[in-house]
Every structure is written in structure tokens, then in C-alpha cells.
Asks: 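Sharing a structure here in C-alpha cells format.
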Amino acid sequence: MAYQPSEEEGAVAIARRPNSLFGALTTALAVAGSLWIFAIMLLINVDVFGRFLFGAPVTGVPEIVSLSIVGIVFLQLSNTLRVRRFIRSDVIVGRMLHTRPRAGHVLQSVHHLAGLLVIGTMVYFVWPKFIDAWEEKIYIGDIGHFTMVTWPILAIIVGAGTVTALQFAFHLVTDIRIAFGADHEDIGK
């Protein structure tokens, strides 16, 4: 006879499934960012060798690299936050999480709320810039030499920023649930 999960186990599995799908999304964004880093590294090397060996650099490398850095950072943000590697000072929060866990989670929830508000504000103000760049075909570079439209990078900022804001919100809810009574085992990671 096959094992049948209890109703409670089934509910926990269903509750964690969206979190697993979201985790896959943040991982996919991070992988895309890593592949982009590799592509930029190749482009820079081709540019350097082109300059040195043939006296002919690759056109537009500075523009491509400058926009790419922004895109890569935003692609990596949500997964970095998800795996709890986001930069912050853990002097107070880290100690409180070990000595006074509920108070530590309250303080950590303030951190996650602040992150949610900052990233949410950023997305809110970049959205109109994305629409303008899309409609007006805004570009960087010199006409006749090299031009690159900016809307794809702005789309990445909006999309990946939204995913990061959602990750902050998930952490915020988890911290509040732990701080006000839920057991660690009840909270999906």
C-alpha cells in the first residue's frame, strides 16, 4: 500500500510549493546574471585582444558594460536575499537572533520592511522611465558609431526589482510569524 500523506502534511506541501517555484525563479535570475557576467568577460577580452593584435576595438564595449553592470546586479539581488547573503551588519541582529530570537526577528522584520520599501520605491520610479524608453526608443551611444536602446535594462530593473521586493515581503512575513508565535518548523524557507 502506497504512503498517503495526512491532510496536514498535504497542506504544508501545498503551502510550500509556491515558495519553491519562487525559489526557482530567483535561482534562474541569478543564473542569468552569472551567464551575463561570463559573456561580458568574453566581450572585454575580445575587445582587449582586438585592440592589441589588430588595433581594432569592439565597438560599444563601454556602453554595453556600463548598462550590463546594472542589469547583472538586479538579476542577482533576489536570490542573494533569498539565501540570506544580502549585505548587512549582523552585529546586533545576529546576536539577538541567537540570544533573544523573537526580539531578533522583530528587529530583522524592520530591516526587511525597509528593504521592501526601498526596492518598491525604486521600481515605482523606474517604471515610467521604462515606458518612456520603450515608447521613445531612448538609447545611449553615438548615432553612426554605436547605439543601444535602454529599455531592456530598465525592464530588468522593474522585473527583477519586483521579484526582490517580493522576497523582502516573504522574509518580512516569516519574521513576523516567528516573532509572534509560529514555530520555525511551520515556516517554509
Asks: Shared ILVMFWY cluster between Met148 and Val46, side chains joined below 4.5 angstrom?
Replies: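 In one cluster with Met148: Val46, yes.
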Asks: Taking atom CG of Leu53 as the centre, does the number of heavy atoms from other residues, nucleotides or ligands within less than 6.0 Å exceed 12?
Replies: yes
Asks: Side chains of Leu116 and His112: closer than 4.5 Å at any heavy-atom pair?
Replies: no
Asks: Are Val48 and Phe146 connected in the hydrophobic side-chain network, where two residues link if heavy atoms are under 4.5 Å apart?
Replies: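 Val48 and Phe146: one cluster.
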Asks: Is the number of heavy atoms from other residues, nucleotides or ligands under 6.0 Å of Arg88 CZ greater than 12?
Replies: yes
Asks: Which atom pair, heavy atoms only, marks the closest approach of Ile153 to Gly71?
Replies: CG2-N, 4.3 Å
Asks: Which heavy-atom pair separates Met96 from Ala103 by the least distance, and what is that distance?
Replies: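 The pair with the smallest heavy-atom distance is CE-CB, 3.4 Å.
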Asks: Nearest 0.5 Å, what's the NE2-CG distance between His98 and Asp90?
Replies: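 Nearest 0.5 Å value for the NE2-CG distance: 8.5 Å.
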Asks: Strictly below 4.0 Å, N to O, side chains only: are Asp175 and Arg177 in salt-bridge contact?
Replies: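 So Asp175 does not pair with Arg177 through a salt bridge.
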Asks: How many angstroms lie between atom OG1 of Thr147 and atom CG of Asp142, to the nearest 0.5 angstrom?
Replies: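 With rounding to 0.5 Å, OG1 (Thr147) is 9.0 Å from CG (Asp142).
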Asks: For the pair Ile140 and Leu67, evaluate side-chain contact (heavy atoms from CB on, under 4.5 Å) and give the outcome as yes or no after the intermediate values.
Replies: CA-CA 9 Å; Ile140 62 168; Leu67 284 182; 3.5 Å; yes
Asks: Trp151 and Glu136: side-chain contact (heavy atoms from CB on, under 4.5 Å), yes or no, with the steps?
Replies: CA-CA 10 Å; Trp151 70 261; Glu136 298 175 24; over 6 Å; no
Asks: Quick one: which of Phe130, Phe125, Tyr124 gives a ring-ring contact (aromatic ring centres under 6.0 Å, His included) with Trp127?
Replies: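 Considering Phe130, Phe125, Tyr124, a ring-ring contact (aromatic ring centres under 6.0 Å, His included) with Trp127 is found only for Phe130.
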Asks: Quick check for you: to the nearest 0.5 Å, what is the distance between Arg102 atom CZ and Phe180 atom CZ?
Replies: 9.5 Å
Asks: Identify the heavy atoms of Ser78 and Gln167 that sit nearest to each other, and give their distance.
Replies: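 For Ser78 and Gln167, the tightest heavy-atom pair comes out as O-CG, 3.8 Å.
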Asks: From Leu113 CG over to His171 NE2, what is the distance, rounded to the nearest 0.5 angstrom?
Replies: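 These two atoms lie 14.0 Å from each other.
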Asks: Going hydrophobic residue to hydrophobic residue with side-chain gaps under 4.5 angstrom, can you get from Leu117 over to Val123?
Replies: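 Same cluster.
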Asks: Considering non-hydrogen atoms only, spot the tightest contact between Ala133 and Thr150 and give its length.
Replies: CB-OG1, 3.6 Å
Asks: Examine the side chains of Arg85 and Gln76 and answer whether a donor and an acceptor come within less than 3.5 Å of each other.
Replies: no
Asks: Aromatic rings His111 and Phe168: how do their planes relate, parallel, tilted or perpendicular, breaks at 30° and 60°?
Replies: perpendicular
Asks: Find the distance between CZ (Arg100) and NE2 (His105) and round it off to the nearest 0.5 Å.
Replies: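 Nearest 0.5 Å value for the CZ-NE2 distance: 13.0 Å.
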Asks: At what distance, to the nearest 0.5 angstrom, does OG1 of Thr164 lie from CD1 of Ile157?
Replies: 11.5 Å
Asks: With side chains defined as the heavy atoms from C-beta onward, is the minimum distance between Ile69 and Val65 less than 4.5 Å?
Replies: yes
Asks: Hey, is OH on Tyr139 packed in by over 12 heavy atoms from elsewhere, all under 6.0 Å?
Replies: no
Asks: When you group the ILVMFWY residues by side-chain heavy-atom contacts below 4.5 Å and let the links chain together, are Leu75 and Val83 in the same group?
Replies: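 Each belongs to a different hydrophobic cluster.
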Asks: Does a donor on one side chain sit under 3.5 Å from an acceptor on the other, for Asn79 and Thr26?
Replies: yes
Asks: Distance-only, no hydrogens or angles: does the Asp47 side chain make a donor-acceptor pair with backbone N or O of Leu43 under 3.5 Å?
Replies: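 No.
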Asks: Is it the case that the side chain of Thr174 and the backbone of Phe170 share a donor-acceptor pair, with hydrogens and angles ignored and the cut-off at 3.5 Å?
Replies: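 Checked: pair present.
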Asks: Transitively linked via ILVMFWY side-chain contacts under 4.5 Å: Leu97 with Phe86?
Replies: no
Asks: Walk me through it: do Val158 and Leu154 pass the test side-chain contact (heavy atoms from CB on, under 4.5 Å)?
Replies: CA-CA 6 Å; Val158 169; Leu154 296 172; 5.6 Å; no
Asks: Contact between Ile44 and Ile40 at the side-chain level, heavy atoms closer than 4.5 Å - yes or no?
Replies: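 A side-chain contact under 4.5 Å exists here.
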Asks: Phe22 and Leu166: side-chain contact (heavy atoms from CB on, under 4.5 Å), yes or no, with the steps?
Replies: CA-CA 9 Å; Phe22 191 78; Leu166 287 171; 3.8 Å; yes
